[in-house]
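In this chain, numbering begins with 1 at the start of the sequence shown. As the structure lists them, so they are numbered: ligands from 1, and atoms in each ligand from 1. These values consider heavy atoms only, across backbone and side chains, with no hydrogens, waters or symmetry-generated copies.
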Amino acid sequence: MSIKYIFITGGVVSSLGKGLTSASVAMLLENRNIKTAMLKLDPYINVDPGTMNPFQHGEVYVTDDGAETDLDLGHYYRFTNSILSKKSNATTGQIYDTVIKKERKGDYLGKTVQVIPHITDEIKKRILDCATQEKGIKVVFVEIGGTVGDIESLPFLEAIRQFRNERRKDCINIHLTYVPYLKAAGEIKTKPTQHSAQMLREIGIIPDIILCRCEKPLDNIFKEKISLFCNVDKEAVIDETDVENSIYEVPVQLQHQKLDQMICKMLNLKCGPINLTKWQKMLKSLINPKKKVTIGIVGKYLAHQDAYKSIFEALTHAGAHLNTEIEIKKFESDKIVKNQKLLNEVKNLDGYLVPGGFGPRGLLGKILTAKYAREKKIPYFGICLGMHIMAIEFARNVLKLKDANSTEMEPETADKVIAILEDQKRIEKLGGTMRLGAYQCSLNANSKAFKAYKKKSISERHRHRYEFNNKYKKLMEKKGVLFSGILKDDTLCEIMELKNHPWMLSVQFHPEFKSKPLIPHPLFIAFIEAALKKRQKK
Ligand code: GLN
């Protein structure tokens with residue numbers, strides 16, 4: 001049977017949760033034994049989001065093969081088992097880069113290179129590459145970033161129009177729109193949805209299903225209206241109301257409206273029965289937890305709700321697993337130093353997490369947090385930059401090396417505890433030049449890390465330039481640091497922990513990228529368990 005394609009577009013406004021919706025629908029099909037693949041097409045001109053500020057773009061999600069991608073891939077990972085790779089995210093920048101390189105090579109010799117067909121052909125090629133990257137893929141979800149009507153997404157929409165025209169029976173379009181409730185008028189408004197469907201029609205795309213993001217479930221009259229104006233069956237107008245407690249309720253909500261069955265019918269897909277028992281159980285414990293901990297997150301992009309997306313999700317997964325509500329207190333690290341009140345507020349929580357980050361702003365606030373956690377024996381979890389912080393703090397306050405620092409923060413400092421290693425020094429460009437993607441790490445069997453993972457060899461994803469400088473390893477070991485994870489066949493330090501501390505552990509990699517609601521990450525579980533113990537002692 002030929003591979004089927006589901007295109008997901010967005011209308012009216014951005015931030016409707018297209019990624020979450022795509023992931024939820026894919027999860028339902030996967031649960032029915034249909035193997036899926038996911039592709040996000042991003043209309044911006046950056047080659048990847050790796051060089052964008054987290055305030056601009058939110059988190060950069062990293063795949064095993066080292067692609068720096070859109071955070072929607074994180075949703076795909078958490079909801080599905082689809083393969084995620086360089087073939088799962090393409091941007092306008094990448095598409096043009098490929099076409100221009102081909103042009104320079106002479107591949108189009110004699111021709112004028114144009115948006116149609118050369119750019120659109122390249123987009124279609126990306127869709128096919130994603131579909132054929134593994135055997136057995138039955139359905140490919142293609143999510144188009146941005147909102148219909150944006151100038152920059154036009155080539156993508158034109159490409160999917162052509163693609164669909166070439167495979168009429170194998171494609172459907174899902175259009176996710178916003179149906180606002182106007183409080184002053186006391187009315188629900190379908191006009192913006194009508195207009196965005198109209199705009200799609202002008203491009204030559206008629207949606208098969210319209211998903212309506214709305215505050216409350218839509219009455220039939222509104223569904224009928226949308227059906228009439230937008231050329232879709234009434235049954236295919238589905239509401240995706242704001243979920244009450246958790247984003248993990250979305251698939252259940254869509255399943256109740258039989259969206260998965262409808263898609264299988266439309267695409268003539270053979271499917272198995274659905275079984276959401278495990279998912280429902282997870283939701284139950286997530287929504288009605290019996291225990292509670294308070295975790296302080298000390299970072300500098302906390303004002304952007306998506307900048308640490310995967311970390312928040314990984315904490316949620318561990319919380320659901322341990323039947324524990326995780327109250328999160330966010331602290332802007334640069335404010336901690338200046339504001340004594342805030343400093344007191346930071347104290348006495350059940351655990352601290354210092355996430356990844358770049359640049360010197362806010363460094364001291366994070367170091368103070370690590371010092372406090374170490375001295376007061378409060379659980380501390382450092383991730384990437386959070387590990388650099390743990391190493392710098394230990395060097396400064398235990399080894400008494402007052403100039404200990406990372407060369408990222410102070411290139412000429414006397415004690416370069418964190419540094420760019422010799423063989424990395426040729427790096428000149430900033431895009432795509434970090435240690436990226438999955439690396440194997442060997443664990444010490446007598447460590448907290450091993451106790452969490454319960455295995456000796458692990459694979460985790462990286463995104464950083466600077467490394468722990470092994471020159472300081474022996475000194476730290478003498479004072480109670482255990483370097484419990486070492487890069488396989490190498491000497492690079494991947495995990496450091498304290499021996500005489502309930503749980504102070506940091507990792508050079510990003511465990512949060514590999515946590516799923518049904519398979520929470522072992523380190524996040526161990527961290528929350530330690531926080532629970534701390535709480536009980538209070
Ligand atoms: N800025 C640090 C580095 O590049 C840490 C990066 C991170 O936290 N992801 O090494």
Tell me if the aromatic rings of His510 and Phe513 count as close, with their centers under 6.0 Å from one another. yes
Close-contact set for ligand 1 against His510 heavy atoms, below 4.0 Å: 9 (N)
May I ask you to identify, for Glu467, whether its side chain, its backbone, both or neither come under 4.0 Å of ligand 1 on a heavy-atom basis? neither
Which residue and atom name correspond to the protein heavy atom nearest atom 7 (C) of ligand 1, and how close is it? Cys384 SG, 3.0 Å
Please state whether the rings of Tyr308 and Tyr301 are parallel, tilted or perpendicular, taking 30° and 60° as the class boundaries. tilted
Which ligand 1 atoms does Tyr466 reach within 4.0 Å, using its non-hydrogen atoms? 3 (C), 4 (O), 10 (O)
Lys102 atom NZ: more than 12 heavy-atom contacts under 6.0 Å: yes
Option set Gly356, Gly299, Gly357, criterion heavy-atom distance to atom 5 (C) of ligand 1, minimum: Gly357
List every atom of ligand 1 that sits less than 4.0 Å from any heavy atom of Arg465, numbering the atoms from 1 in the order shown and giving each element. 3 (C), 4 (O), 10 (O)
Less than 6.0 angstrom separating the ring centers of Tyr472 and Phe394, yes or no? no
Can you tell me if Met434 contacts ligand 1 (heavy atom of the residue under 4.0 Å from the ligand)? no
If you look at every heavy atom in Tyr76 and Ser22, which pair is closest and at what distance? CE2-CB, 4.2 Å
Find all atoms of ligand 1 within a distance of less than 4.0 Å from any non-hydrogen atom belonging to Arg463, and give their numbers and elements. 6 (C), 7 (C), 9 (N)
So is there a nitrogen or oxygen of His388 less than 3.5 Å from a nitrogen or oxygen in ligand 1? no
For Glu375, is the CD atom crowded, meaning more than 12 foreign heavy atoms sit under 6.0 Å from it? yes
Short N or O distance, Leu385 and ligand 1, threshold 3.5 Å exclusive: yes
For atom CG of Asn446, is the number of surrounding heavy atoms from other residues, nucleotides or ligands below 6.0 Å larger than 12? no
If you measure from atom 1 (N) of ligand 1 to every heavy atom of Glu408, Gln508, Met387, which option wins on shortest distance? Glu408
Polar contacts were defined as any N/O atom of the residue lying under 3.5 Å from an N/O atom of the ligand; does this apply to Phe358 and ligand 1? no
Count the heavy atoms belonging to other residues, nucleotides or ligands that lie under 6.0 Å from NZ of Lys281, then report whether that count exceeds 12. no
